[in-house]
Colleague: 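The structure that follows is given in the form of structure tokens.
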Number of protein chains: 2
Amino acid sequence: MAGKSTLRDRRRLQTSREIQRAALTLSLRHGHDLVTTEMIAAEAGISQRTFFNYYLNRDTAIVGQAPCFDEETVAWFRASSGPLLADLLQALRQLLNNSDLDRGTSQLIDRLLGTAPELLPIFYGSLRRLRDQIADLAVTRVGEDARSDAELLAEAISHALGDTFRIWANDDAMSADSIVDVAAAKLQVLRGYLAQV
Amino acid sequence: MAGKSTLRDRRRLQTSREIQRAALTLSLRHGHDLVTTEMIAAEAGISQRTFFNYYLNRDTAIVGQAPCFDEETVAWFRASSGPLLADLLQALRQLLNNSDLDRGTSQLIDRLLGTAPELLPIFYGSLRRLRDQIADLAVTRVGEDARSDAELLAEAISHALGDTFRIWANDDAMSADSIVDVAAAKLQVLRGYLAQV
DNA sequence: GCAAATATTGCACAGTATGCATCCTTGTGC
DNA sequence: GCACAAGGATGCATACTGTGCAATATTTGC
């Protein structure tokens with residue numbers, strides 16, 4: 001379905017993962033600030049120049065490429081008329097179903113974030129494309145005039161999702177399907193806090 | 001009260017503002033990606049090396065230094081026992097009262113963000129210290145076990161505050177005192193969205 | 001197989017950011 | 001006032017980041 005099957009595309013995906021893995025293991029071994037793009041390239045078996053063909057900068061290599069709604073899901077959302085948050089969460093469920101998450105890599109990311117908190121903005125920043133997409137979807141419901149409100153909602157959703165992602169990485173008993181449910185529960189906790197005025 | 005009155009400290013504050021102003025005007029004139037730290041230093045009348053004594057990197061010079069709770073406010077919060085969100089908002093009111101905001105600079109920031117959306121993460125990132133402080137305050141109420149929930153709340157609050165800050169910059173009729181109130185209203189809109197399940 | 005499309009690489013180069021030594025300015029104690 | 005300590009400003013050297021360009025290699029479609 002989402003499978004691009006040409007040799008070129010398979011290689012591209014594999015190389016990007018090898019780079020990420022190299023960046024993660026080196027950062028865990030030496031500390032993120034002591035790892036250079038040259039070291040990462042060498043570990044991944046490519047040239048430094050090629051590294052920059054795959055990732056815009058050294059930091060984003062660690063968190064990999066952000067997931068993204070496919071057209072099908074966007075179309076479903078536009079056609080649906082359920083409650084806003086419920087539909088957004090459902091779209092996210094479809095997104096996570098289509099993307100095959102690698103728990104091993106996620107664990108490495110989580111462990112690195114524990115030792116290098118300065119990377120937290122980069123981790124949450126990696127969800128930016130997704131966040132923007134969520135905001136765009138929400139805007140189709142609440143109207144362009146309320147875009148900044150839609151962005152605030154999208155920020156909260158993607159943040160909760162990021163947190164849950166880290167929980168999932170470290171809990172082998174937790175299925176990928178429940179990620180969105182746990183994130184939704186976190187959002188309801190937030191709603192409770194916001195009611196305490 | 002917050003006044004450090006030695007010549008050294010007054011100079012330091014003034015220089016940091018001159019650097020920020022130089023960074024803003026140059027970025028608005030030439031486009032942010034065409035402005036170098038050397039240009040900023042020259043415009044501010046200092047050396048490039050001195051630029052890096054004031055700001056950690058080129059981007060943060062644009063948004064200036066983040067505000068920060070003073071000890072007094074923190075002590076007040078710890079002693080208070082009102083509803084969580086209400087107390088957090090009250091602490092923010094005190095924070096904004098103590099810090100003298102410069103609407104002119106804020107306007108330049110807002111205009112630049114309009115032309116260079118890639119700076120938005122840096123703008124919201126500048127609130128990070130404040131966000132962490134808010135989370136710490138919230139943790140004293142909800143407990144360490146719920147830290148990630150407190151951080152989600154802090155993220156929402158600081159995001160809403162950032163949005164409101166930009167509104168205030170462009171609305172001369174809006175008083176600084178009402179910033180927190182408008183942000184609180186945004187948070188209630190968010191609460192409404194979160195209830196739509 | 002061949003030609004077009006696409007990837008990889010080396011190289012040059014501008015810019016970022018830091019450490020260090022030195023010089024200059026400001027605060028302090030007398 | 002003056003001398004000395006503390007803290008800032010600067011120049012210089014240097015490691016690293018990230019990009020453009022041209023050359024080379026690989027994949028794809030036919």
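By convention in this document, chain letters (A, B, ...) are assigned in the order of the sequence lines, proteins followed by strands, and residues within each chain are numbered from 1.
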Colleague: Testing the 3.5 Å rule here: is there a donor-acceptor pair between the side chains of B/Thr6 and B/Asp9?
Modeller: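 Yes, a side-chain donor-acceptor pair sits under 3.5 Å.
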
Colleague: Would you say B/Ser47 reaches D/dT10's phosphate, i.e. side-chain N/O to OP1/OP2 under 4.0 Å?
Modeller: yes

Colleague: Please report, to 0.1 Å, the donor-acceptor pairs under 3.5 Å made by any side chain of residues 174-185 of chain A, with sequence neighbours excluded.
Modeller:
unit_1: A/Ser175; atom_1: OG; unit_2: A/Asp177; atom_2: N; d: 3.3
unit_1: A/Ser175; atom_1: OG; unit_2: A/Ser178; atom_2: N; d: 3.4
unit_1: A/Ser178; atom_1: OG; unit_2: A/Ser175; atom_2: O; d: 2.7
unit_1: A/Asp181; atom_1: OD1; unit_2: A/Arg93; atom_2: NH2; d: 2.9

Colleague: Tell me who clusters with B/Leu13, hydrophobic residues only, linked when side chains sit under 4.5 Å apart either directly or through other members.
Modeller: none

Colleague: Starting at CD1 of A/Ile46 and ending at C1' of C/dG10, how long is that distance when rounded to a whole Å?
Modeller: 14 Å

Colleague: Please report the distance, rounded to the nearest Å, between CD in B/Gln48 and C1' in C/dA14.
Modeller: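 One finds 12 Å between C1' of C/dA14 and CD of B/Gln48, rounded.
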
Colleague: Note down the inter-axis angle between the two ends of the helix from C/dG1-D/dC30 to C/dC30-D/dG1, five pairs each, to the nearest 10°.
Modeller: 30°

Colleague: Counting just side-chain N and O atoms, does A/Arg11 come under 4.0 Å of either OP1 or OP2 of D/dT27?
Modeller: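 Affirmative; the distance criterion is met.
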
Colleague: Would you indicate, yes or no, if C/dT16 has its OP1 or OP2 atom less than 4.0 angstrom from a side-chain nitrogen or oxygen of B/Thr37?
Modeller: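 Result: yes.
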
Colleague: Between C/dG19 and B/Arg49, counting only base atoms on the nucleotide and side-chain atoms on the residue, is there a donor-acceptor pair under 3.5 Å?
Modeller: yes

Colleague: Would you say the side-chain atoms of B/Arg11 and B/Gln14 include a donor-acceptor pair closer than 3.5 Å?
Modeller: no

Colleague: Consider only side-chain N and O atoms of A/Gln65 and A/Ser16, and report whether a donor and an acceptor are under 3.5 Å apart.
Modeller: yes

Colleague: Once you round it to whole Å, what is the distance between C1' of C/dT18 and CG of B/Asn57?
Modeller: 13 Å

Colleague: Report yes or no: do B/Asn53 and B/Thr50 form a side-chain donor-acceptor pair below 3.5 Å?
Modeller: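 Absent: no donor and acceptor within the cut-off.
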
Colleague: Taking 4.0 Å as the cut-off, does a side-chain nitrogen or oxygen of B/Thr50 come that near to OP1 or OP2 on D/dT10?
Modeller: yes

Colleague: Where the side chain of A/Thr6 is concerned, which of D/dC16, D/dG11, D/dT28 is the nearest nucleotide?
Modeller: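 The listed nucleotide nearest to A/Thr6's side chain is D/dT28.
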
Colleague: When only distance counts, do a donor and an acceptor, one from the side chain of A/Arg8 and one from the base of D/dT27, lie under 3.5 Å apart?
Modeller: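 Flag set: donor-acceptor pair detected.
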
Colleague: Salt bridge or not for B/Asp102 and B/Arg17, using N-O below 4.0 Å?
Modeller: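 Here B/Asp102 does not pair with B/Arg17 in a salt bridge, since their nearest N and O are not under 4.0 Å apart.
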
Colleague: Roughly, in whole Å, what's the span from CZ in B/Arg58 to P in C/dG15?
Modeller: 10 Å

Colleague: How many whole angstroms separate atom CG of B/Asp33 from atom C1' of C/dG15?
Modeller: 13 Å

Colleague: Quick one: B/Leu56 CG to C/dG19 P, roughly how many Å, whole number?
Modeller: 11 Å

Colleague: Please give, in whole Å, the distance from D/dT10 C1' to B/Tyr54 OH?
Modeller: 13 Å

Colleague: Whole angstroms only, please: what is the CZ-C1' distance between A/Arg12 and D/dT28?
Modeller: 16 Å

